[in-house]
Amino acid sequence: PADTTFQWKGNSSLVITEISPVNLDWLDENGDDPGWIEIYNAGSEAANLKGYSLVENLDKPRKWVFGDELIAPKSFRTVFCDKNDVKAAAADNGTELHQRTHTNWKLEKKGGSVYLIDPYYAIRDSVNYPELSSGMSWGIVDGGAWKYFEKPTPEQPNTASTAYEG
């Protein structure tokens with residue numbers, strides 16, 4: 001609603017950990033390569049994203065809302081950002097194609113912001129990301145700094161790739 005006041009909650013167990021606006025090789029269920037956002041559940045229990053929204057600005061905080069989607073404890077989940085608007089995804093079928101939810105908006109290639117908002121309009125996490133070359137990602141490293149990755153690490157710890165300042 002227009003009169004909604006957003007609150008920064010922070011210290012959430014759900015954390016945005018990596019962004020790849022121009023993905024080249026982590027394919028969705030259609031064999032396409034849309035941009036993506038990775039969310040990590042740092043908690044000790046499964047987290048249900050139902051009712052959370054993932055948006056690229058705060059003008060429409062409920063623009064894209066998750067359906068019933070669980071992230072296991074200490075696990076990652078990738079969301080494709082390509083305007084396909086898929087709120088529930090089937091299990092992976094054992095191929096190189098990944099069945100995941102899809103937002104109804106795209107990541108900006110020239111950089112932008114993303115917000116994870118809980119059902120009560122509290123901002124659980126947000127990230128500003130720079131313009132990235134094709135096939136690169138912007139991810140968080142141990143210690144909390146954000147860095148560039150030439151080899152993105154969807155649904156894996158970012159320590160699986162070499163990070164650099166830029």
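- A distance-only check finds a donor-acceptor pair linking the side chain of Asn41 to the backbone of Glu45 [under 3.5 Å].
- Heavy atoms of other residues, nucleotides or ligands lying less than 6.0 angstrom from CD of Gln156 number more than 12.
- In this pair, Trp26 and Phe80 present their aromatic rings tilted. The plane angle is within the 30 to 60° band.
- Remark: the backbone N or O of Asp25 is paired with a side-chain donor or acceptor of Asn23 at under 3.5 angstrom.
- Once rounded to the nearest 0.5 Å, the distance linking OG of Ser75 with OH of Tyr40 reads 7.0 Å.
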Chi angles and distances behind the salt bridge (Lys or Arg N to Asp or Glu O under 4.0 Å) call for Asp82, Lys106: CA-CA 5 Å; Asp82 60 0; Lys106 287 185 173 187; over 6 Å; no
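- Across Pro61 and Val55, no two heavy atoms sit closer than the pair O-CG1, 3.7 Å.
- A distance-only check finds no donor-acceptor pair linking the side chain of Thr101 to the backbone of Ala89 [under 3.5 Å].
- In this structure, the side chains of Thr162 and Phe149 stay at 4.5 Å or more apart for every pair of heavy atoms.
- Proximity of a side-chain donor or acceptor of Asn84 to a complementary backbone N or O of Val86 within less than 3.5 Å is not detected.
- In the hydrophobic cluster analysis, where Ile, Leu, Val, Met, Phe, Trp and Tyr join through side-chain heavy atoms closer than 4.5 angstrom, Ile16 is grouped together with Tyr52.
- Taking the centre of each ring, Phe66 and Trp64 come in below the 6.0 Å mark.
- Under the 4.5 Å side-chain heavy-atom criterion for ILVMFWY residues, a single connected hydrophobic cluster contains both Val127 and Leu116.
- We find that Arg100 and Glu29 are not joined by a salt bridge, their nearest charged nitrogen and carboxylate oxygen being 4.0 Å or further apart.
- Looking at Asn158 and Thr153, their side chains do bring a donor and an acceptor atom within 3.5 Å of each other.
- Going from atom NZ of Lys60 over to atom OG of Ser53 covers 13.5 Å, rounded to the nearest 0.5 Å.
- Minimum interatomic distance between Thr78 and Pro154 (heavy atoms only, all atoms of both residues): OG1-CB, 4.1 Å.
- For Asn104 (side chain) and Lys63 (main-chain N/O), a donor-acceptor pair under 3.5 Å exists by modelled atom type.
- Cluster annotation: Ile140 and Ile71 are assigned to the same hydrophobic cluster (Ile/Leu/Val/Met/Phe/Trp/Tyr, side-chain heavy-atom contacts under 4.5 Å, transitive).
- We find the SG-CG distance between Cys81 and Leu54 to be 6.0 Å, quoted to the nearest 0.5 Å.
- Connection of Val114 to Val79 is established within a shared hydrophobic cluster, with ILVMFWY side chains joined at heavy-atom distances below 4.5 Å, either directly or through further cluster members.
- Of all heavy-atom pairs between Leu132 and Ile19, the closest is CD1-O, 3.9 Å.
- Interatomic distance, NE2 of His102 versus CH2 of Trp36, reported as 14.0 Å (0.5 Å rounding).
- Lys50 has no carboxylate O lying under 4.0 Å from a charged side-chain N of Glu69, or vice versa, which leaves the two without a salt bridge.
- The pair Glu38-Arg77 does not meet the salt-bridge criterion, since no charged nitrogen lies less than 4.0 angstrom from a carboxylate oxygen.
- Minimum heavy-atom separation, Met136 to Tyr164: CE-OH, 2.7 Å.
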Ring pair (Phe, Tyr, Trp, His ring centres under 6.0 Å) evaluation trace for Tyr148 with Trp138: CA-CA 5 Å; Tyr148 296 89; Trp138 179 246; 4.9 Å; yes
From CA spacing to verdict: side-chain contact (heavy atoms from CB on, under 4.5 Å), Ser12, Asp125: CA-CA 7 Å; Ser12 173; Asp125 201 10; 5.9 Å; no
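- Between the side chain of Lys147 and the backbone N or O of Glu165 there is no donor-acceptor pair closer than 3.5 Å.
- Results of the side-chain contact (heavy atoms from CB on, under 4.5 Å) test with Val22 over Pro34, Ser134, Ser137 single out Ser134 as the only residue that passes.
- Side-chain atoms of Asn30 do not come within 3.5 Å of backbone N or O of Asp32 as any donor-acceptor pair.
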Steps toward side-chain contact (heavy atoms from CB on, under 4.5 Å) verdict (Tyr115, Leu58): CA-CA 8 Å; Tyr115 302 87; Leu58 296 175; 3.8 Å; yes
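- Scanning all heavy atoms of the two residues, the minimum distance from Trp105 to Ile37 falls at CH2-CD1, 3.8 Å.
- Leu97 is not listed as a side-chain neighbour of Asp28, based on a closest heavy-atom distance of 4.5 Å or more.
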side-chain contact (heavy atoms from CB on, under 4.5 Å) between Ile39 and Val15, worked out: CA-CA 5 Å; Ile39 299 170; Val15 183; over 6 Å; no
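- Salt-bridge formation is detected for the pair Asp85/Lys87: a Lys NZ or Arg NE/NH1/NH2 atom is positioned less than 4.0 Å from an Asp or Glu carboxylate oxygen.
- Here the shortest heavy-atom pairing between Pro152 and Ser20 reads CG-OG, 4.5 Å.
- By the criterion of side-chain heavy atoms lying less than 4.5 angstrom apart, applied directly or through intervening Ile, Leu, Val, Met, Phe, Trp or Tyr residues, Tyr129 is grouped together with Leu14 in one hydrophobic cluster.
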